[in-house]
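I have placed the structure first, in the form of structure tokens, so that the comments after it can refer back to it.
Protein chains get the first letters and strands the later ones, always in sequence-line order, with residue 1 at the start of each.
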2 protein chains.
Amino acid sequence: MTTTSSPRVLEHPERDEIRLEDVLHALADAVRLRIVRDMAREDTELSCSYFDLPVTKSTTTHHFRVLRESGVVRQVYRGTAKLNALRRDDLDALFPGLLDTVLAAAESQAGRDGAAGGATA
Amino acid sequence: MTTTSSPRVLEHPERDEIRLEDVLHALADAVRLRIVRDMAREDTELSCSYFDLPVTKSTTTHHFRVLRESGVVRQVYRGTAKLNALRRDDLDALFPGLLDTVLAAAESQAGRDGAAGGATA
DNA sequence: GCCGTAGTACGGTGAGTATCGTACGAGTGT
DNA sequence: ACACTCGTACGATACTCACCGTACTACGGC
């Protein structure tokens, strides 16, 4: 259909509009860090509903917007779903190694957290 | 001599108490990022007053506390001054490469910002 | 003892944010 | 047309944060 000016277009910062402080702030949240970890692991475009997050739908929308507006993820509509992809190329070009280092740090910490309490197996 | 337990002892998180989210949050601020950049460049213990920050003393105290409580810096009193040092060893052990990558990203972005505006020369 | 300097503590303000619930819009299938 | 699913928008709330000013403490020198 011709819904001329559909709100189905999402605003993204250009590569050179991405700010390090915003990226770090976006990653400095447990829920968002988890989203980013999952996306990095799958390496394909994932819908928002793919993630099983401990928050409501509204809050999920909010977190994805923070990630998008900070330049960490790119979102596109595809039917009723909204697909999310990490902006690896842009981030790597701007801040070489940052994403991988943070991801590795997150994995490492998750490992420590999981191993805590005694149930290592 | 009622000052038995002087408040001259500063609380620091142990190495394994440092959380990635807190570190990222501490670094996700322009003023604090600048402090950390300066500290990394000097590589010695620096007093709070060494830094020429665009905020008041109270706010400076606040930022240093955030950095200390997140585990990014270690602070010790020495006379009237409070000396600050990056916790490089702890951060590198926990999150290998993270500090250097963020620092490099900050330098890179600072270069872009400085060169912006057209007056490249 | 007195004063200056370094930094803290406290109280307040305005802005941002993480969270929710409910109501709605856009697309797909029957 | 209808219903269903995915996600948005809006409003509300409670919390955090960056910032300030002022009053204060701790240390060192005169």
Side-chain angles (χ1 to χ4, degrees), chain A residues 1-12 19 21-36 39 45-70 72-85, chain B residues 1-12 19 21-36 39 45-70 72-85:
Chain A
M1 273 318 268
T2 50
T3 25
T4 14
S5 56
S6 65
R8 303 267 95 183
V9 188
L10 294 162
E11 288 290 321
H12 291 80
R19 303 286 307 167
E21 297 89 331
D22 294 341
V23 172
L24 292 177
H25 174 236
L27 298 175
D29 178 279
V31 175
R32 292 193 291 263
L33 197 50
R34 174 170 167 174
I35 292 173
V36 171
M39 268 193 299
E45 296 189 315
L46 297 169
S47 69
C48 294
S49 54
Y50 169 86
F51 305 89
D52 186 32
L53 301 173
V55 292
T56 64
K57 274 197 302 178
S58 330
T59 308
T60 301
T61 298
H62 161 68
H63 283 307
F64 273 105
R65 177 165 35 177
V66 172
L67 288 171
R68 171 169 49 84
E69 292 183 345
S70 67
V72 175
V73 308
R74 193 175 293 280
Q75 300 187 294
V76 283
Y77 282 106
R78 178 159 174 179
T80 75
K82 191 161 73 169
L83 298 184
N84 300 273
Chain B
M1 67 168 293
T2 44
T3 38
T4 12
S5 55
S6 66
R8 302 270 95 184
V9 187
L10 295 162
E11 287 291 321
H12 290 81
R19 302 287 307 168
E21 297 90 332
D22 295 340
V23 171
L24 292 177
H25 174 237
L27 298 176
D29 178 279
V31 174
R32 291 193 292 262
L33 197 50
R34 173 170 167 175
I35 292 173
V36 171
M39 269 194 299
E45 296 190 315
L46 296 170
S47 70
C48 293
S49 52
Y50 169 85
F51 305 88
D52 187 31
L53 301 173
V55 291
T56 63
K57 272 197 304 179
S58 328
T59 309
T60 301
T61 298
H62 161 68
H63 284 307
F64 274 105
R65 177 164 35 174
V66 172
L67 288 171
R68 172 169 48 85
E69 293 183 343
S70 66
V72 176
V73 308
R74 192 175 295 280
Q75 299 186 295
V76 282
Y77 281 106
R78 178 158 175 180
T80 74
K82 191 161 73 168
L83 297 184
N84 300 273

Q.
Can you measure A:Glu21 atom CD to D:dC17 atom P for me and round it to whole angstrom units?
A. 17 Å

Q | Side-chain heavy-atom pair B:Glu45, B:Val76 within 4.5 angstrom cut-off | A | yes

(Q) Taking side chain to side chain contact (heavy atoms under 4.5 Å, CB included) as the definition, give me every residue that meets it alongside A:Gln75, ordered by chain and number, with sequence neighbours left out. (A) A:Leu10, A:His12, A:Cys48, A:Phe64, A:Arg68, A:Val73, A:Lys82, A:Asn84

Q.
If the condition is side chain to side chain contact (heavy atoms under 4.5 Å, CB included), which residues does A:Ala81 pass it with, not counting sequence neighbours?
A. A:Ser47

**Q.** Strand-adjacent residues in residues 23-31 of chain B, judged by heavy atoms under 4.0 Å from DNA chain D
**A.** B:His25, B:Asp29

Q: Rounded to the nearest angstrom, tell me the gap between atom CZ in B:Arg34 and atom P in D:dA18.
A: 16 Å

Q) Rounding to a whole Å, what distance do you find between A:Asp22:CG and C:dG16:P? A) 12 Å

Q: Taking only the side-chain heavy atoms of B:Lys82 (C-beta and beyond), determine which of D:dG7, C:dG7, C:dG27 contains the nearest atom.
A: C:dG7

Q: Nearest whole angstrom, please: distance from the P of C:dG7 to the CD of B:Glu45.
A: 13 Å

Q: Write down the atom of B:Glu21, the atom of A:Leu33, and the distance for their closest heavy-atom approach.
A: CG-CD2, 4.3 Å

Q | Shortest non-hydrogen contact between A:Arg34 and A:Asp52, atoms and distance | A | NH2-O, 2.8 Å

**Q.** Heavy-atom pair of closest approach, residues B:Val72 and B:Val23
**A.** CG2-CG1, 4.1 Å

Q. Which nucleotide sits closest to the side chain of A:Arg32: C:dA18, D:dC6, D:dG28?
A. C:dA18

Q: List in chain and number order the residues that pass side chain to side chain donor-acceptor pair (under 3.5 Å) with A:Thr80, two or more places apart in sequence or in another chain; answer none if no residue qualifies.
A: none

Q. D:dA9 P sits how many Å from A:Glu11 CD, rounded?
A. 12 Å

Q | Partners passing side chain to side chain contact (heavy atoms under 4.5 Å, CB included) against B:His62 (at least two apart in sequence or in another chain) | A | B:Arg32, B:Val66

Q.
Just to be sure I understand the rule, does B:Arg78 reach a base, reach only the sugar-phosphate, or reach nothing, if contact means heavy atoms closer than 4.0 Å?
A. nothing

**Q.** Near-strand residues of residues 50-69 of chain B, defined as heavy-atom separation under 4.0 angstrom from DNA chain D
**A.** B:Val55, B:Thr56, B:Ser58, B:Thr59, B:His62, B:His63

Q: Go through the side-chain N and O atoms of B:Thr59 and B:Thr56 and say whether any donor and acceptor fall under 3.5 Å apart.
A: yes

